[in-house]
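Just below is one structure, and these are the notes that go with it.
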Amino acid sequence: MNRALRAATMGALLLTPVALGACSAGQVTQTETQERDKVGPMADVNNVTLRQVLLEYPNGGRYEAGDDAALIMAVVNNAPDADVLIGIDGEGFEGIQVDGQDASGQLDIEIPSDSTVFVGGQDGPEIVLTGLGEELTPAQGIPLTFTFEDAGPVDVRAVVSNPTRALSRGEPFDFHGGEEELGEPGLVEGAGEVGGEGGGEGGSEGGGHGG
């Protein structure tokens with residue numbers, strides 16, 4: 001091998017780990033982004049964090065225009081003092097209900113210091129957006145502005161959540177019932193007779209060869 005060819009070969013071998021390392025770094029970055037996306041929409045304003053800002057999965061798999069949608073999210077207050085969620089604004093709905101009461105004018109939901117309030121949970125408030133402006137399906141959403149008394153406003157897109165359990169695909173087809181309904185026993189018997197005759201002939205031939 002001459003010197004020029006040897007030098008080119010060594011250069012390719014030295015560059016290969018660098019190229020592979022660059023590809024690997026890109027894959028890790030993409031994977032990390034995808035993992036962050038799995039937790040749902042998030043937003044921060046000062047010491048308040050909104051996590052998993054979702055709209056409850058709708059019956060039938062879609063919201064129609066005019067339907068109501070319940071919010072599901074966690075509000076984390078890392079401040080030393082309590083804060084208050086005083087407003088939720090947006091153009092994709094007509095009004096807001098909190099625990100079944102109209103709250104379209106102003107909200108008054110306290111977020112204690114160093115704590116998390118789960119909206120839509122068993123112990124947290126129930127916030128419902130009433131009169132959606134358009135049809136929505138999972139992964140679609142509407143932009144909202146949450147306003148806190150101390151932390152201020154923050155924008156986030158509330159996305160329709162996916163179902164939390166496997167959905168039924170409907171009743172399976174009853175193949176046995178189909179055979180009984182289609183029937184024609186003569187065809188079934190005929191198929192059996194053909195098989196029987198074939199078996200008999202095979203047996204006779206086999207016996208002849210054996211003799």
Side-chain angles (χ1 to χ4, degrees), residues 25-59 61-165:
Q27 290 175 355
V28 170
T29 302
Q30 183 180 12
T31 302
E32 290 177 349
T33 301
Q34 291 172 352
E35 288 177 353
R36 286 197 295 271
D37 290 342
K38 289 180 181 179
V39 302
M42 298 177 60
D44 295 284
V45 54
N46 294 322
N47 291 314
V48 174
T49 299
L50 303 181
R51 295 179 178 173
Q52 289 187 302
V53 184
L54 303 170
L55 298 178
E56 188 176 47
Y57 180 75
N59 293 330
R62 79 173 60 239
Y63 285 112
E64 302 292 344
D67 284 350
D68 301 340
L71 272 173
I72 303 172
M73 64 178 181
V75 185
V76 183
N77 183 12
N78 294 313
D81 299 318
D83 207 335
V84 181
L85 176 61
I86 59 175
I88 301 176
D89 300 307
E91 298 181 354
F93 59 97
E94 294 179 355
I96 298 175
Q97 288 185 351
V98 177
D99 294 332
Q101 303 296 319
D102 180 60
S104 301
Q106 183 173 352
L107 279 67
D108 185 20
I109 300 176
E110 182 177 357
I111 315 296
S113 63
D114 293 322
S115 66
T116 300
V117 173
F118 294 96
V119 174
Q122 293 181 352
D123 300 326
E126 181 185 45
I127 301 178
V128 177
L129 308 182
T130 62
L132 295 178
E134 61 182 0
E135 176 185 291
L136 293 174
T137 57
Q140 294 182 323
I142 54 177
L144 300 174
T145 299
F146 293 83
T147 302
F148 295 89
E149 192 171 59
D150 294 332
V154 60
D155 297 327
V156 64
R157 186 177 183 84
V159 175
V160 179
S161 64
N162 290 314
T164 56
R165 59 183 178 81

Q: For Asp102, look at atom CG and say whether over 12 heavy atoms of other residues, nucleotides or ligands are found less than 6.0 Å away.
A: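 Count over threshold, so yes.
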pair [X]-[Y]: side-chain heavy atoms closer than 4.5 Å:
X	Y	answer
Thr137	Val160	no
Ile142	Leu129	yes
Ile88	Leu71	yes
Val48	Phe146	no

Residue pair [X] / [Y]: nearest heavy atoms and the distance that separates them:
X	Y	answer
Leu54	Ser161	CD1-CB, 4.0 Å
Thr130	Ile96	OG1-N, 3.9 Å
Phe148	Leu50	CZ-CD2, 3.7 Å
Glu135	Glu64	OE1-OE1, 3.6 Å
Glu110	Ala82	OE2-CB, 3.7 Å
Pro153	Val45	O-CG2, 3.6 Å

In Å and rounded to the nearest 0.5 Å, what is the [atom1] to [atom2] distance from [X] to [Y]?
X	Y	atom1	atom2	result
Glu149	Leu107	CD	CG	12.0 Å
Met73	Leu144	CE	CG	8.5 Å
Gln97	Ile127	CD	CD1	11.5 Å

Distance-only, no hydrogens or angles: does the [X] side chain make a donor-acceptor pair with backbone N or O of [Y] under 3.5 Å?
X	Y	answer
Asp68	Gly131	yes
Asn162	Tyr57	no
Asp83	Asp150	yes
Asn77	Asp114	no
Asn47	Ala79	no
Arg157	Gly141	yes

Q) For Ile86, which of Ile109, Asp108, Thr147 qualifies under side-chain contact (heavy atoms from CB on, under 4.5 Å)? A)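 Single side-chain contact (heavy atoms from CB on, under 4.5 Å) partner of Ile86 among Ile109, Asp108, Thr147: Thr147.
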Q. Just checking, is any N or O donor in the side chain of Asp155 or Thr145 under 3.5 Å from an acceptor N or O on the other one?
A.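 Yes, a side-chain donor-acceptor pair sits under 3.5 Å.
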Q) Side chains of Asp44 and Thr49: is there a donor and an acceptor less than 3.5 Å apart? A)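 Their side chains do contain a donor-acceptor pair, which is all the 3.5 Å distance test asks for.
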Q.
Holding to side chain to side chain contact (heavy atoms under 4.5 Å, CB included), I want the full list of residues that pass it with Val117, two or more places apart in sequence or in another chain.
A.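 With sequence neighbours excluded, Val117 shows a side chain to side chain contact (heavy atoms under 4.5 Å, CB included) to Ile111, Pro112, Pro125, given in chain and number order.
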